[in-house]
Amino acid sequence: MSDLQKLILETLANGDIENSVEFAQSVPVDHHVVVDQFKALSAYSVVDYTAHTTMQQVLTDEGLEYSDLGSPEFRLFSQIPDEGIARADLQKAVGDLFKKGFSHCMKKKTVKIEKGTVVKIGDMDDSCQMLLNVIRNGGSLSKGDFNDLKRRKLVNNVKILQYSATAGEEFDVNWQKPVTDLTSEMLQAGNFENLKFKPINFNADGLKNDGGYLHPLLKVREEFRQIFLELGFEEMSTNLFCESSFWNFDSLFQPQQHPVRDAHDTFFLSKPEFAGAIPADYLERVKEMHEDGDEDSIGWRYNWAEVEARKNILRTHTTAVSARTLYNLAQDGFQPKKFFSIDRVFRNETLDATHLAEFHQIEGIVIDKGLGLAHLMGIMEVFFERIGIQGLRYKAAYNPYTEPSMEVFGYHPGLGKWIELGNSGIFRPEMLKPMGLPEDATAIAWGISLERPTMIKYGIDNIRDLFGYKTKIDFITGNPICRLDEL
């Protein structure tokens, strides 16, 4: 027990502490230290305390100065000789005091001006200083006197918070703070039986675990992943954020002069600037398909440049992953497969409420012989039904590497409107043939963003609040679990 705690208990043994401010001044110690001890003792029911708010009249800095030296009007009056003094001479004698004091002397009619001479009228006492000293000595003024001084900015009313204290239920002038822990030293000394231990609160919450929270994107990602796995899809390896233009564009039969391959749409790497190993025979077949096509296609009819294909970029879509996967499937021996990927892609976008320079794509692919548009529409209806969207609509679209291509729309019951879900199509033969896949093999594919359904699910209007440096930690730690039986 501290000396201050002992003094508080001894004082309470003889009666209540009515005013904590006065008690602190009598010790002397800062008032907040006394209040802290009241609260500490109250936690053990040794002391009960009550807060009281009062208004107190106090002096301003200028008021303290006048309390020490006298008011400007009195000091100025004291400088005027009995025979009077020229106004200019008086102003020179008292300096700045003239401006503050002369008007009050005139107002109190203690001086007058006769032919340019300032003359006293009777005597003057310093009533201003006397009133200020009343407040300084702990007293208070009448409303009229206080308001007069307040207009001169000499006094203020301040709110004073003070406490009264009484003996609590567990009061004991010889009280000792209960011991929190049983230590080995206590056991060795054998004095623990005489000690008072603090009761254990078994209903108290444990320490909050600030780790292990999942970002909403990860929760929604896992839901989509489970949907794909339940439908028999295999997950593709998506660990290459940095990709060559060959796999990102050329292998997809996307011409080298296409606008999306410009710097204003794609992030190009400077180190390393160019890709290394690309299967030579496959690269040559892709070149021939771009330049001349085959018996079923005329290609793009331009001079294909290998240096352009080897430029390294941040991948602009996960279809680059699909291209690698389909190529490997052809090398390992074709068999019908269903693949999916969910990962990050990068585009040189203008940032706004719905666009970021990095975001996530969800992509599904089915490759088999004899697949067509009806199969694509059927698998998408099954897929989107898993997230509560039925009755899909389609609109013809254009993609360099799919033909036909469709935009997919679905009616969202919660939003009460039709929303765009993603893109879909059938990979062009010009993309699949150079890989070495059978000529009658067909690959159907569709893709959607991960951010769009997450924003709908969690009611987010601005994508920057979901993903990026503006995302609040409270949003990550406090968001609910995710189930995609409906968006």
- Message: For Phe228 and Phe233, take the angle between the two ring planes, folded into 0 to 90°, and tell me which bin it lands in: parallel under 30, tilted 30 to 60, perpendicular over 60.
- Response: perpendicular
- Query: Just wondering, more than 12 heavy atoms not from Asn201 lying within 6.0 Å of its CG?
  - Reply: yes
- Message: Could you walk me through whether Ser237 and Asn239 satisfy the side chain to side chain donor-acceptor pair (under 3.5 Å) test, starting with their C-alpha distance in whole Å, then the side-chain angles of each, then the deciding distance to 0.1 Å, before giving a yes or no?
- Response: CA-CA 6 Å; Ser237 176; Asn239 57 341; 3.1 Å; yes
- Determine, step by step, whether Glu230 and Gln226 satisfy the side chain to side chain donor-acceptor pair (under 3.5 Å) criterion, reporting the C-alpha distance in whole Å, the side-chain angles of both residues, the deciding distance to 0.1 Å, and the verdict. CA-CA 6 Å; Glu230 290 169 6; Gln226 289 302 318; over 6 Å; no
- Message: Using the rule given for side-chain contact (heavy atoms from CB on, under 4.5 Å), can you reason through Val111 versus Met124, listing the C-alpha separation, both sets of side-chain angles and the distance that settles it, and then say yes or no?
- Response: CA-CA 10 Å; Val111 298; Met124 178 183 183; over 6 Å; no
- Message: Donor-acceptor check, side chain of Thr53 to backbone of Leu161, threshold 3.5 angstrom: yes or no?
- Response: no
- Taking the six-membered ring where the residue is Trp, are the ring centres of Phe359 and Phe467 under 6.0 Å apart? no
- Message: With a 4.0 Å cut-off on N to O distance, would you call Arg151 and Asp148 a salt bridge?
- Response: yes
- Item | For the student: nearest non-hydrogen atoms of Leu76 and Cys105, plus distance | CD2-SG, 4.0 Å
- Under 3.5 Å, is there a donor-acceptor pair between the side chain of Asn147 and the main chain of Lys143? yes
- Message: Taking the basic N atoms (NZ, or NE/NH1/NH2) and the acidic carboxylate oxygens, is any pair closer than 4.0 Å for Glu73 and Lys108?
- Response: yes
- Is any side-chain N of the basic residue among Lys112 and Glu114 closer than 4.0 Å to the acidic one's carboxylate O? yes
- Item | Evaluation steps, side-chain contact (heavy atoms from CB on, under 4.5 Å), between Ser322 and Met236 | CA-CA 8 Å; Ser322 303; Met236 295 183 278; 3.6 Å; yes
- Side chain of Asn156, backbone of Val158: donor and acceptor closer than 3.5 Å? no
- Heavy-atom closest pair (Ser20 atom, Phe38 atom, distance to 0.1 Å) is CB-CE1, 3.9 Å
- Message: Salt bridge check, Arg221 against Glu235: does any charged N sit closer than 4.0 Å to a carboxylate O?
- Response: yes
- Greater than 12 external heavy atoms within 6.0 Å of Ile473's CD1: no
- Nearest heavy-atom approach of Leu269 to Cys242 is CD2-SG, 3.7 Å
- Task: List the steps and the verdict of salt bridge (Lys or Arg N to Asp or Glu O under 4.0 Å) for Arg324 and Glu243.
- Result: CA-CA 11 Å; Arg324 284 181 175 271; Glu243 187 59 274; 2.9 Å; yes
- Any chance you could lay out the salt bridge (Lys or Arg N to Asp or Glu O under 4.0 Å) test for Asp181 and Lys198, step after step, and finish with the verdict? CA-CA 8 Å; Asp181 299 310; Lys198 182 180 179 181; over 6 Å; no
- Greater than 12 external heavy atoms within 6.0 Å of Asn191's CG: yes
- Item | Note: Arg136-Asp68 ion pair, threshold 4.0 Å (strictly below) | yes
- Task: Please confirm whether the backbone N or O of Phe267 pairs with a side-chain atom of Arg347, one donor and one acceptor, at under 3.5 Å?
- Result: no
- Note on the structure: To the nearest 0.5 Å, atom CD1 of Ile160 lies from atom CG of Asn19 at 10.0 Å
- Under the 3.5 angstrom rule, does the side chain of Ser449 hit a backbone N or O of Arg452 as a donor-acceptor pair? yes
- Neighbour count >12 (heavy atoms, 6.0 Å) for atom CG, Asp461: no
- For the residue pair Trp418 and Tyr411, does the interplanar ring angle fall in the parallel (under 30°), tilted (30 to 60°) or perpendicular (over 60°) class? perpendicular
- Task: List the atom of Ala13, the atom of Phe171, and the distance in Å for their closest heavy-atom pair.
- Result: N-CZ, 3.8 Å
- Within the side chain of His215, is there an N or O that forms a donor-acceptor pair under 3.5 Å with the backbone of Leu466? yes
- Item | Whether over 12 other heavy atoms sit under 6.0 Å from Asn137 CG | yes
- Backbone N or O of Val260 within a donor-acceptor pair of the Thr266 side chain at under 3.5 Å? yes
- Message: Set out, in order, the CA-CA distance, both residues' side-chain angles and the distance that settles side chain to side chain donor-acceptor pair (under 3.5 Å) for Ser71 and Asp126, then state yes or no.
- Response: CA-CA 7 Å; Ser71 64; Asp126 197 351; 2.7 Å; yes
- Is a side-chain donor or acceptor of Arg310 paired with a backbone partner of Gly276 at a separation under 3.5 angstrom? yes
- Task: Can you see which heavy atom on Leu149 is nearest to which on Leu141, and at what distance?
- Result: CD1-CD1, 3.5 Å
- Query: Is any side-chain heavy atom of Val35 closer than 4.5 Å to a side-chain heavy atom of Tyr49?
  - Reply: no
- Checking side-chain contact (heavy atoms from CB on, under 4.5 Å) for the pair Ile460/Phe475: CA distance, chi angles, key distance, verdict? CA-CA 11 Å; Ile460 301 170; Phe475 169 68; 3.4 Å; yes
- Item | Geometric class of the Trp175/Tyr44 ring pair [parallel <30°, tilted 30-60°, perpendicular >60°] | tilted
- Taking atom NZ of Lys92 as the centre, report whether more than 12 heavy atoms of other residues, nucleotides or ligands fall under 6.0 Å from it. no
- Taking the side chain as every heavy atom from C-beta outward, state whether Phe409 and Glu407 have any pair of such atoms under 4.5 Å apart. yes
- Item | Side-chain donor-acceptor pair present, Gln361, His317, cut-off under 3.5 Å | no
- Query: Out of curiosity, Ile365 CD1 to Ser341 OG, how far, rounded to the nearest 0.5 Å?
  - Reply: 6.5 Å
- Side-chain heavy atoms of Leu195 within contact of Gln176, under 4.5 Å: no
- Query: Between Leu7 and Phe23, is a side-chain contact (heavy atoms from CB on, under 4.5 Å) present by the stated rule, with each step listed?
  - Reply: CA-CA 10 Å; Leu7 180 59; Phe23 179 80; 4.1 Å; yes
- Quick one: does Ile8's side chain get under 4.5 Å of Leu4's, heavy atoms only? yes
- Message: Tell me the closest heavy-atom pair linking Ala167 and Asp48, and the distance in Å.
- Response: O-OD2, 3.9 Å
- To the nearest 0.5 Å, what is the distance between OH (Tyr394) and OG (Ser424)? 7.0 Å
- Should Glu308 and Lys311 be marked as a salt bridge (Lys or Arg N to Asp or Glu O under 4.0 Å) after you check the CA-CA gap, both sets of side-chain angles, and the distance that decides it? CA-CA 6 Å; Glu308 187 70 27; Lys311 288 182 179 179; 3.2 Å; yes
- Does any N or O in the side chain of Asp30 come within less than 3.5 Å of the main-chain N or O of His32, such that one atom is a donor and the other an acceptor? no
- Using atom types as modelled and distance alone, determine if a side-chain donor or acceptor of Arg75 lies under 3.5 Å from a backbone N or O of Gly70. yes
- Message: Can you see whether Phe102 has Arg87 sitting over its ring - NZ or CZ less than 6.0 Å from the centre and within 45° of the normal?
- Response: yes
